[in-house]
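To start, the structure itself, in structure tokens.
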Amino acid sequence: MTTPATARVRDALSRQPSISLATLPTPLYEATRFRAALGGPARCPRILIKRDDLTALGLGGNKARKLEYLVADAQAQGATTLITTGAVQSNHARMTAAAACAAGMRCVLVLTTTKATPELAGNLLLDRLYGATIRLVPSIDPMVAVGNDDPVVAEAADEERRAGRTPYVIPVGGSSAVGVFGYVSGTAELVDQLATAAIAPSHLYYASGSRGTQAGLTLGAKLCAAPYQVVGIAVSGGEPEKIERAKRIANEAAARLGLPERLDHPDLITDQQFIGRGYGIPTPAGLEAIAMLARSEGILLDPCYTAKAMAALVQHARAAQLDPAGSVVFLHTGGVPALFTSDFAAVAPDTELR
Ligand SMILES: *Cc1c(COP(=O)(O)O)cnc(C)c1O
């Protein structure tokens, strides 16, 4: 079922180049046992999980939707090599490496690490398996992966050109105007699923990092007349610059789609309460959310992103901030390979995960 609003958005998106990389639509799953764990219908709204961890490309996640447009744009420009950046355990990097293989392209990853020799596990192991060329950048912060990767990206692009290849640089997280199309499209998919099921959730919770997902979800909600309020739970700081980035890429995406809607600052604020000590550092509430969802539904969250977003939903439900007669959507953006790292194994015993 499509609505008049989603039909207009789908029509505008159909004029943008895209390639098929993800298995879509992803399921919209009602988590009744998880709701029961939060006190059941008397205390907690219906919880619908949009399973974008099941987009399938390279073990799935939200970046698959962005890459369908980014890789098509790269190919339209005659590119042969995808170059992108991220932390050493970046899901975006892993999915870009997978997309390059699926599209018959080369991939160079510029990854920031806090360790001299990062552990070959989780996403980094998969990056290697996909045959990506990896350039490591040391972090300037011993706790959190932040580094100056721009010069290394420029160097990698030059090297590709010297070898007669054509690079296409994807910004961190795939968060460019072209990447935004992914969650405009994802929103049309979700709004149609909700219309078919005759459910009008009050909120959509998701984990917000580099903001491409936010820009797409927020623009998409406006364009598709979504019933819900978009609730971004930040996993890293830098809110003022990131709001600017989200606004810029969302509005550039709307302009490219030939649609008149635009976003402004108040639409793009995220909740900073669940970051904990920093990007990639697990929180006790996040670890509790991982255990709760795994044990009630068999569904896995990741410690870096989705656990923190689910911790917010759990806290809001427990604090009776959500109407038990209503419903909410949780967008599961993926990230599960991070469970298979010694960093996760090291924190798991701090919780009931024994
Ligand atoms: C990248 C990522 C996000 C955040 O998406 P952004 O578009 O970077 O804000 C959320 N969850 C997971 C698992 C991710 O890998």
Side-chain angles (χ1 to χ4, degrees), residues 1-3 5-6 9 22-56 60-62 64-65 182-208 213-214 216-218 220-233 271 274 286 289-290 292-302 305-336:
M1 175 176 184
T2 60
T3 70
T6 61
V9 171
T23 302
L24 302 175
T26 57
L28 184 62
Y29 168 79
E30 181 159 3
T32 50
R33 289 176 186 278
F34 186 61
R35 184 189 193 191
L38 285 168
R43 307 196 40 196
C44 177
R46 292 171 73 182
I47 298 172
L48 301 156
I49 304 184
K50 177 64 171 161
R51 298 289 309 270
D52 277 10
D53 56 321
L54 302 181
T55 53
N62 62 339
R65 292 191 189 268
Y183 272 95
V184 173
S185 167
T187 299
E189 179 182 305
L190 172 61
V191 168
D192 286 344
Q193 284 176 318
L194 293 170
T196 303
I199 306 173
S202 58
H203 300 84
L204 178 145
Y205 283 78
Y206 73 100
S208 188
T213 302
Q214 175 187 47
L217 288 174
T218 311
K222 191 163 190 167
L223 296 175
C224 297
Y228 51 76
Q229 185 191 327
V230 175
V231 183
I233 308 302
D271 185 337
F274 296 87
I290 292 176
M292 271 180 79
L293 188 68
R295 291 171 189 191
S296 61
E297 299 281 357
I299 297 174
L300 300 172
L301 296 171
D302 82 293
Y305 291 94
T306 52
K308 292 179 181 180
M310 191 61 98
L313 196 165
V314 166
Q315 190 189 95
H316 295 170
R318 285 178 175 157
Q321 282 170 242
L322 301 169
D323 178 5
S327 55
V328 298
V329 178
F330 179 82
L331 174 64
H332 191 329
T333 45
V336 168

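This chain uses plain numbering: 1 for the first residue, then up along the sequence.
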- Phe330: what forms a ring-ring contact (aromatic ring centres under 6.0 Å, His included) with it, not counting sequence neighbours? none

- Mind checking the OG1-CG spacing from Thr196 to Leu194? Nearest 0.5 Å is all I need. 8.5 Å

- So which pairs with a foot in residues 34-49 pass side chain to side chain donor-acceptor pair (under 3.5 Å), sequence neighbours left out? Glu30-Arg46

Please tabulate, one pair per line, all N/O donor-acceptor pairs under 3.5 Å involving side-chain atoms of residues 221-231, not counting sequence neighbours.
unit_1, atom_1, unit_2, atom_2, d
Lys222, NZ, Arg262, O, 2.9

- Query: Taking atom CZ of Arg51 as the centre, does the number of heavy atoms from other residues, nucleotides or ligands within less than 6.0 Å exceed 12?
  - Reply: yes

- Query: For the atom pair OG (Ser185) and CG (Leu190), what is the distance rounded to the nearest 0.5 Å?
  - Reply: 11.0 Å

- Those residues that, when tested against Pro45, pass side chain to side chain contact (heavy atoms under 4.5 Å, CB included) (two or more places apart): Leu322, Val328

- Note on the structure: Phe34 meets the ring-ring contact (aromatic ring centres under 6.0 Å, His included) criterion, sequence neighbours left out, with none

- Message: Taking salt bridge (charged side-chain N to carboxylate O under 4.0 Å, His left out) as the definition, give me every residue that meets it alongside Asp302, ordered by chain and number, with sequence neighbours left out.
- Response: none

- Item | Approximate separation, where rounding is to 0.5 Å, of Leu48 CG and Leu204 CG | 10.0 Å

- Task: Provide the closest heavy-atom pair for Tyr183 versus Asp52 in the form atom of the first, atom of the second, distance.
- Result: OH-OD2, 2.6 Å

- Message: By the salt bridge (charged side-chain N to carboxylate O under 4.0 Å, His left out) test, which pairs, at least two apart or in different chains, include something from residues 307-322?
- Response: Glu288-Arg318

- Message: Going by the rule side chain to side chain donor-acceptor pair (under 3.5 Å), which residues pair with Tyr206 if we only count those two or more places apart in sequence or in a different chain?
- Response: none

- Query: Among all residues two or more places apart in sequence or in another chain, which pass the side chain to side chain donor-acceptor pair (under 3.5 Å) test with His316?
  - Reply: Tyr205

- With sequence neighbours excluded, tell me which residues meet side chain to side chain contact (heavy atoms under 4.5 Å, CB included) with Ala289. Leu301, Met310

- By side chain to side chain donor-acceptor pair (under 3.5 Å), which residues pair with Thr3, not counting sequence neighbours? Thr6

- Message: Would you compute the distance between atom SG of Cys44 and atom CG of Leu313 and round it to the nearest 0.5 angstrom?
- Response: 7.0 Å

- Does Leu293 reach the side chain of Thr306, with side-chain heavy atoms less than 4.5 Å apart? no

- Task: Would you list the pairs meeting salt bridge (charged side-chain N to carboxylate O under 4.0 Å, His left out) in which at least one residue belongs to residues 188-198, sequence neighbours left out?
- Result: Arg10-Asp192, Lys50-Glu189, Arg65-Glu189

- Heavy atoms, side chains only, cut-off 4.5 Å: are Thr23 and Leu54 in contact? no

